[in-house]
Amino acid sequence: MAEQLHISDTTDRAGRYRTLLPQLQALLAGETDPVANMANCCAALRQTFGFFWVGFYMVKGTGDEGQGTGELVLGPFQGDVACTRIAFGKGVCGTAWQRGQTIVVPDVDAFPGHIACSSSSRSEIVVPLLRDGAVIALLDVDSDLLDDFTQADRQGLEAVANIIAPLL
Ligand code: SME
């Protein structure tokens, strides 16, 4: 397909996800390289919603690679420079990895252990990408607005995670 997104005119986020998801599926299905797909995924989300920061953290150094317990390492993203490594159970990302579940943080200052990569970030959502029941990466989206993420974002970003996880 052409590398171009049709972004719905609606300001309703659920409506925007409905328009975006099939386009994202088509865009990613045409490419086998994981970095290229993660990069375009970040760009598509930022273009569609104008999020402050969108990016992936990859689970690295787990048992398979013989390096112990592993950590998260920054992958493709769109936005300001960010912390490169996060330990298991640390911050919102490390906690979502530990739980294997999406975490929505309406106010980052109220989340114990939140890792502040940017002082402008006010709310955050982190969605795990699963393969065979194990977390292989996390999709992290930050907003510079308080309480910016709704059920529509949770459902939409979990759908994005399900599209991209098999391609990593
Ligand atoms: N806030 C995250 C760190 C990553 S940045 O937001 C890009 C956390 O607490 O894990």
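In listed order, ligands and their atoms are each counted from 1. Basis for what follows: all heavy atoms, side chains included, without hydrogens, waters or symmetry-related copies.
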Between Phe149 and Phe51, how do the two ring planes meet: parallel, tilted or perpendicular, split at 30° and 60°? tilted
His114 heavy atoms within 4.0 Å reach ligand 1 at atoms 1 (N), 9 (O)
Between the side chain of Glu124 and the main-chain N/O of Val108, is any donor-acceptor distance below 3.5 Å? no
Take a 6.0 Å sphere around CG of Asp9 and say whether it holds more than 12 heavy atoms from other residues, nucleotides or ligands. no
Sub-3.5 Å N/O-N/O distance, Cys83 and ligand 1: no
Among all protein non-hydrogen atoms, which one is nearest to atom 8 (C) of ligand 1, and what is the separation to 0.1 Å? Val92 N, 3.3 Å
Consider ligand 1: state whether an atom of it lies below 4.0 angstrom from any non-hydrogen atom of Phe111. no
Measure the distance from atom 6 (O) of ligand 1 to every protein heavy atom, then report the residue, atom name and distance (to 0.1 Å) of the closest one. Asp142 OD2, 2.8 Å
How does Ile115 reach ligand 1, by side chain, by backbone, by both or by neither, if only non-hydrogen atoms under 4.0 Å count? both
What atoms in ligand 1 come closer than 4.0 Å to a heavy atom of Gly91? 9 (O), 10 (O)
Can you check whether Phe111 reaches Ile103 side chain to side chain, under 4.5 Å on heavy atoms? yes
Looking only at protein heavy atoms, which one is nearest to atom 5 (S) of ligand 1, and how far off is it? Cys117 SG, 3.1 Å
Min N/O separation Tyr57 to ligand 1 under 3.5 Å: no
Report the nearest protein non-hydrogen atom to atom 2 (C) of ligand 1: residue, atom name, distance rounded to 0.1 Å. Glu124 OE2, 3.2 Å
Check for a donor-acceptor pair, side chain of Arg16 on one end and backbone N or O of Thr48 on the other, with a separation under 3.5 Å. yes
So, for Ser121 and Asp142, which heavy atoms are closest and what is the spacing to 0.1 Å? OG-OD2, 3.0 Å
Residues forming a side chain to side chain contact (heavy atoms under 4.5 Å, CB included) with Gln47, sequence neighbours excluded: Leu5, Ile7
For Cys93, the ligand 1 atoms with a heavy-atom partner under 4.0 Å come out as 8 (C), 10 (O)
Phe77 and Tyr57 aromatic centres sub-6.0 Å: no
What atoms in ligand 1 come closer than 4.0 Å to a heavy atom of Asp140? 4 (C), 5 (S), 6 (O), 7 (C)
For Ile164, does its backbone N or O pair with a side-chain atom of Asn37 as donor and acceptor, under 3.5 Å? no
Atoms of ligand 1, numbered as shown, that sit under 4.0 Å from any heavy atom of Trp53: 7 (C)
